2 protein chains.
Amino acid sequence: MEIDRIDARLLDLVQRNNRLSSEELGAKVGLSASGVQRRLKRLRSESIIEADVAIISPKAIGRNVTALVHISFERARADIVDRFKQAICKMSEVMSAFYVTGQIDFVLLVTANDMEDYEHFIRRLVHDNPDIKRCETMIVLNRVKAGFTVPMASIAFS
Amino acid sequence: MEIDRIDARLLDLVQRNNRLSSEELGAKVGLSASGVQRRLKRLRSESIIEADVAIISPKAIGRNVTALVHISFERARADIVDRFKQAICKMSEVMSAFYVTGQIDFVLLVTANDMEDYEHFIRRLVHDNPDIKRCETMIVLNRVKAGFTVPMASIAFS
DNA sequence: AGTGAAATTTATCTAAC
DNA sequence: GTTAGATAAATTTCACT
């Protein structure tokens, strides 16, 4: 599970665009196409590359509302937390979810078709999880940056 | 910019895995490989598919700290907001950024190698943006769900 | 319109070096 | 790590409904 300079550069490229051909990648990192492929294969098999996905515009498919939701529980018991984690994984409206430190327990990134749809989602969420104490919504006006692009500049050059 | 049932199913598949071959996709949606490719090409050219990316494990490359940061400004003037948007787009530590309604102005998703690294980032952020009033950090204990996978079930069947 | 099938181009995989 | 040949996939063209 070691990563060298070339791996880091490959990761940096594919995390922005994973549709570049091995040849294009090779030209950029100074490697042959098959060399690139062997490395990418390893990075995928070792789950250093966790997934390869297309990012869809929520608006283009009629999801006009994006919101960040703060969830806090009455009591943060482990079983309650675990049950909630499982529940949100199954909710398709929840795009991302983070379990965090502090006053807030969870931060969810949610999409909905419209406000009515969003309200239904929140009602359902609170109804299904009676341990929720507070549920605070921030409507996303603008998705300034969307991604999980990790900085590669600081990789240990081993 | 119309999306039919087949497009919706394709989007639903590729947003989970964009490395499936056109043939595999075709088998799942009942279309030939070329039919699939034509549709994906359109979806990409019309930016319904915004990007195709690999998701990297932050831990695997030594980014051990993930945090959600709430930013609020002294005054939410348009020029201040716009300048801040540009600034965070350039900061590689910022994986995602949302401009939101309410008390908070921005929510950032940030990675750092360690706490020291994180502290440096915050200092730099606040130093470079003197209009920031408050800056509240929630350390991510667990990334329960990571993605921008949009629900497709509710697509209008046009 | 949008589709499927064949031909072409391109990319990827499997070795051998 | 590379190069070369085999395999597979993506792209283009075209005839069809």
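Protein chains get the first letters and strands the later ones, always in sequence-line order, with residue 1 at the start of each. None of these values were measured; they are calculated from a predicted model.
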Original post:
Between A/Met138 and B/His70, is a side-chain contact (heavy atoms from CB on, under 4.5 Å) present by the stated rule, with each step listed?
Top reply: CA-CA 11 Å; A/Met138 297 177 285; B/His70 286 172; 4.2 Å; yes
**OP:** Spell out protein contact along nucleotides 2-17 of chain C as letters: B when the base is contacted, S when just the sugar-phosphate is, - when no protein heavy atom is under 4.0 Å; keep the 5' to 3' order.
**Re:** SBBB-----SSBS---
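In the displayed structure, B/Lys85 atom NZ is contacted under 6.0 Å by more than 12 heavy atoms of other residues, nucleotides or ligands. Counting heavy-atom neighbours within 6.0 Å of B/Arg123 CZ, excluding the residue itself, gives a total of 12 or less.
In this structure the side chain of A/Arg44 reaches within 4.5 angstrom of the side chain of A/Asp52, judged on heavy atoms. Residues B/Leu125 and B/Phe84 are in side-chain contact: their nearest non-hydrogen atoms beyond the backbone lie under 4.5 Å apart. With a 4.5 Å cut-off on side-chain heavy atoms, B/Arg63 and A/Pro151 count as touching.
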Original post:
Given the rule that a pair is Watson-Crick or G-U wobble with both distances under 3.5 Å, how would you write DNA chain D in dot-bracket, using | for pairs to a different strand?
Top reply: ||||||||||||||||.
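Scanning for ring pair (Phe, Tyr, Trp, His ring centres under 6.0 Å) contacts around B/Tyr99 gives B/Phe106, with sequence neighbours left out.
Rounded to whole angstrom, the span from the CG atom of B/Asp7 across to the P atom of C/dA1 amounts to 16 Å. Nucleotide D/dT11 holds its P atom 12 Å from the CG atom of B/Leu25, rounded to whole Å.
B/Ile104 and B/Leu109 end up in the same hydrophobic cluster when Ile, Leu, Val, Met, Phe, Trp and Tyr side chains are linked at under 4.5 Å.
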